[in-house]
Every structure is written in C-alpha cells, then in structure tokens.
Amino acid sequence: IEILREGLYKIALKLKGEFELTVDNKKFRVNSTEFNFVYLDAVYLSKGQHTFRLKPLSYNSCFLDVVWLYSVKKGNE
C-alpha cells in the first residue's frame, strides 16, 4: 500500500476468527468470536510503500469482510 502522507494511522478489521496482521515488520494478533470490527492501536507510517499481510490462524473458522486504514491526529482517536 502507498501512504501519501506520513503520520498516525488506525486499522479496523471486520472479521470473525483469529488472524495475524503484519504491517512492514510489526505483527498484530487480532481475533473476534463474533463478526465485529476490531480496532488496532495507532501506528506511525512514513510516506511511501508499505507491506500489509493478513494471515488466518484458524483456517476452518476465519471470515474477513473489510479492512479500513485511516489517518488520525492522536493515537487515542
């Protein structure tokens, strides 16, 4: 993914099951027993290309609907 403006970004995923999300070299484990949104803490992304990888950890029961990436001014927004 290409980031056009450096700063803090939040990631929201609507999913059910357990996944591992890797953003560049930083790993996050996300999971939800219901089909809901999961919001990760804000991450700083510099301008330029970044790699996002999402890997299901429980193959029989993982469902992913949407991934949102949005900028925030403060980490607690």
Colleague: Show, in sequence, the C-alpha distance, side-chain angles and deciding distance for Ser71 and Arg5, and conclude whether the side chain to side chain contact (heavy atoms under 4.5 Å, CB included) test is met.
Modeller: CA-CA 9 Å; Ser71 64; Arg5 183 180 58 192; 3.1 Å; yes

Colleague: State whether the side chain of Asp24 and the backbone N or O of His50 hold a donor-acceptor pair below 3.5 Å, judged by distance alone.
Modeller: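 Not confirmed, Asp24 side chain does not pair with His50 backbone.
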
Colleague: Between atom OG of Ser32 and atom NZ of Lys16, what is the distance when rounded to the nearest 0.5 Å?
Modeller: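 That separation rounds to 8.5 Å.
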
Colleague: Quick one: side-chain contact (heavy atoms from CB on, under 4.5 Å) partners of Gln49, sequence neighbours excluded?
Modeller: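 With sequence neighbours excluded, Gln49 shows a side-chain contact (heavy atoms from CB on, under 4.5 Å) to Glu2, given in chain and number order.
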
Colleague: When clusters are formed from ILVMFWY side-chain contacts under 4.5 Å, directly or step by step, what else is grouped with Phe35?
Modeller: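 Other cluster members: Phe63.
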
Colleague: Lys55: which residues meet the salt bridge (charged side-chain N to carboxylate O under 4.0 Å, His left out) condition with it, sequence neighbours left out?
Modeller: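 Scan of Lys55 (salt bridge (charged side-chain N to carboxylate O under 4.0 Å, His left out), adjacent residues dropped) gives none.
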
Colleague: Please identify each residue that fulfils salt bridge (charged side-chain N to carboxylate O under 4.0 Å, His left out) with Glu18, with sequence neighbours left out.
Modeller: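 Checked Glu18 against salt bridge (charged side-chain N to carboxylate O under 4.0 Å, His left out); matches are Arg29.
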
Colleague: Looking at residues at least two apart in the chain, or sitting in another chain, which of them share a side chain to side chain donor-acceptor pair (under 3.5 Å) with Asn31?
Modeller: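 Listed in chain order: nothing, the list is empty.
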
Colleague: Kindly write out the residues that satisfy side chain to side chain donor-acceptor pair (under 3.5 Å) with Arg53, not counting sequence neighbours, or none if the list is empty.
Modeller: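 Partners of Arg53 by the side chain to side chain donor-acceptor pair (under 3.5 Å) criterion come out as none, since no residue qualifies.
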
Colleague: Is there a continuous path of hydrophobic side-chain contacts, each under 4.5 Å between heavy atoms, that joins Trp68 to Tyr44?
Modeller: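 In one cluster with Trp68: Tyr44, yes.
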
Colleague: Quick one: list whatever passes side chain to side chain donor-acceptor pair (under 3.5 Å) with Glu20, sequence neighbours left out.
Modeller: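 Here no residue qualifies.
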
Colleague: Output the rest of the hydrophobic cluster of Leu54: all Ile, Leu, Val, Met, Phe, Trp and Tyr residues reachable through side-chain heavy-atom contacts under 4.5 Å, sorted by chain and number.
Modeller: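 Cluster partners of Leu54: Ile1, Ile3, Tyr9, Ile11, Leu13, Leu15, Phe19, Leu21, Val23, Phe28, Val30, Val38, Leu40, Val43, Leu45, Phe52, Leu64, Val67, Leu69.
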
Colleague: How close do Cys62 and Leu57 get, counting heavy atoms only, and between which atoms?
Modeller: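 So the minimum-distance heavy-atom pair works out to SG-N, 4.1 Å.
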
Colleague: Run the side-chain contact (heavy atoms from CB on, under 4.5 Å) test against Tyr39 and tell me which residues pass, sequence neighbours left out.
Modeller: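 For Tyr39 the side-chain contact (heavy atoms from CB on, under 4.5 Å) partners, ignoring immediate neighbours, are Ala12, Phe37, Tyr70.
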
